[in-house]
Amino acid sequence: MADAPPRPLRGAGPVPAARPRPFDAVLTDLDGVIRFYDMSRLTALERAAGLPEGATAEIAFAPETDLPLMLGRIGKEEWVAAIASGLAEHRRLDPARGRELGLALAESGFRADGTVVELLGRARAHVPVSIVTNATPWLDDDLARLGLTGLVDDVVGSAALGLVKPDRRIYELAAERVGAAVSRCLFVDDRQENVDAAVALGMTGVLYRRPDDLRAALAPLFA
């Protein structure tokens, strides 16, 4: 009697093609996406000085005060001095009180959003992840304090490069450093102008407001 033909294995058949990745790298901002500040001490000092909440930040983050720091041209002490000078000029505040407020802002406590950290960690199992941030010269120390030194594959900080977002060169360099084509990068930021610049280069842009924005953007990667 001839042997019976072998039965097909259950579930046997063509192996489905691997699902193409939606992007080859994740580039993310730091502040307003991963890191968030505690301004309670600064607010209390502003109140004691008779200033409205946010008066110090208004001076500190004005382009003429903030940009030299983000470009790495000045350090913390020079930034604090510039804040005190601005408060004296625009708010008629005593320079010593202005310096106290400047230091309170520069040394504000901060934390990392655990949900965002977890999502980026999951993404990194699939593609390189890079932090691309307009940041101070002491960025590396801040990342160590946050416990994020090993979270990402690369860190592109403006002060180290002398370039700030939305300069196209910082996006191009960030993509190059993780080995991805610009058009194959997902870019996440909480500032519209930075997202717009990334999209203009061909990146997929995500304007971040809450962790669900990042979760939705990464969902195709986890599928």
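By convention here, the first residue in the shown sequence is residue 1.
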Verify same cluster id: [X], [Y] (apolar side-chain graph, 4.5 Å):
X	Y	result
Trp138	Leu161	no
Val206	Leu221	yes
Leu71	Trp79	yes
Leu67	Ile59	yes
Leu214	Val117	yes

Study note, to complete from the structure: Checking Asp66, Ile170, Asn134 against Val164 for side-chain contact (heavy atoms from CB on, under 4.5 Å), the one that qualifies is Asn134
Report, as yes or no, whether the 6.0 Å neighbourhood of atom [atom1] on [X] holds more than 12 heavy atoms from other residues, nucleotides or ligands.
X	atom1	value
Arg184	CZ	yes
Gln192	CD	yes
Arg21	CZ	yes

Answer whether the closest heavy-atom distance between the side chains of [X] and [Y] falls below 4.5 Å.
X	Y	result
Val199	Val195	yes
Thr133	Val156	no
Pro22	Leu186	no
Val152	Arg124	no
Val127	Val26	yes
Phe23	Met203	no
Val178	Ser130	yes
Phe61	Leu105	yes

Looking at [atom1] of [X] and [atom2] of [Y], how far apart are the two atoms once the value is rounded to the nearest 0.5 Å?
X	Y	atom1	atom2	answer
Leu120	Leu218	CG	CG	7.0 Å
Leu173	Arg168	CG	CZ	13.0 Å
Leu146	Asp141	CG	CG	11.0 Å
Arg215	Leu119	CZ	CG	5.0 Å
Asp140	Arg145	CG	CZ	13.5 Å
Asp189	Asn194	CG	CG	4.0 Å

Is a side-chain donor or acceptor of [X] paired with a backbone partner of [Y] at a separation under 3.5 angstrom?
X	Y	result
Thr43	Met39	yes
Arg99	Asp94	no
Glu89	Gly86	no
Thr56	Leu101	no

Closest approach of [X] to [Y] (non-hydrogen atoms, all atoms of both residues):
X	Y	value
Ala135	Met70	N-SD, 3.5 Å
Ala174	Val132	CB-CG2, 3.6 Å
Phe187	Ala198	CD2-CB, 3.5 Å
Ala82	Thr65	CB-CG2, 3.8 Å
Lys76	Ala106	CG-CB, 4.2 Å
Pro137	Ile74	CG-O, 3.7 Å

Practice item. Determine, stepwise, if the pair Leu27 / Tyr171 fulfils side-chain contact (heavy atoms from CB on, under 4.5 Å). Key: CA-CA 9 Å; Leu27 312 181; Tyr171 300 90; 5.7 Å; no
Check your understanding: Would Arg91 and Glu58 satisfy salt bridge (Lys or Arg N to Asp or Glu O under 4.0 Å), going step by step from the backbone distance to the final call?
Key -> CA-CA 11 Å; Arg91 296 289 182 172; Glu58 182 181 359; 3.6 Å; yes
Practice item. Could you give me the CA-CA distance, side-chain angles and deciding distance for Leu207 and Asp213, then say whether side-chain contact (heavy atoms from CB on, under 4.5 Å) is met? Key: CA-CA 8 Å; Leu207 180 63; Asp213 298 328; over 6 Å; no
Review point. Is the shortest side-chain N to carboxylate O distance from Asp190 to Arg209 below 4.0 Å?
Key: no
**Study point:** NZ/NE/NH1/NH2 to OD/OE distance under 4.0 Å, Glu172 and Arg169
**Key:** no
Review point. Is the Phe36-Phe110 ring centre distance short of 6.0 angstrom?
Key: no
Practice item. List the steps, then state whether side-chain contact (heavy atoms from CB on, under 4.5 Å) holds for Asp154 with Ile131. Key: CA-CA 6 Å; Asp154 192 30; Ile131 290 174; over 6 Å; no
Exercise for review: Enumerate the residue pairs fulfilling side-chain hydrogen bond (donor to acceptor under 3.5 Å, both in side chains) with a member in residues 25-42, sequence neighbours excluded, ordered by first and then second residue.
Suggested key: Asp29-Lys165, Asp31-Arg35, Arg35-Tyr37, Arg35-Asp142, Asp38-Ser40
Practice item. Output, in order, the C-alpha distance, side-chain angles, deciding distance and verdict of side-chain contact (heavy atoms from CB on, under 4.5 Å) for Val155 and Leu143. Key: CA-CA 10 Å; Val155 176; Leu143 291 175; 3.8 Å; yes
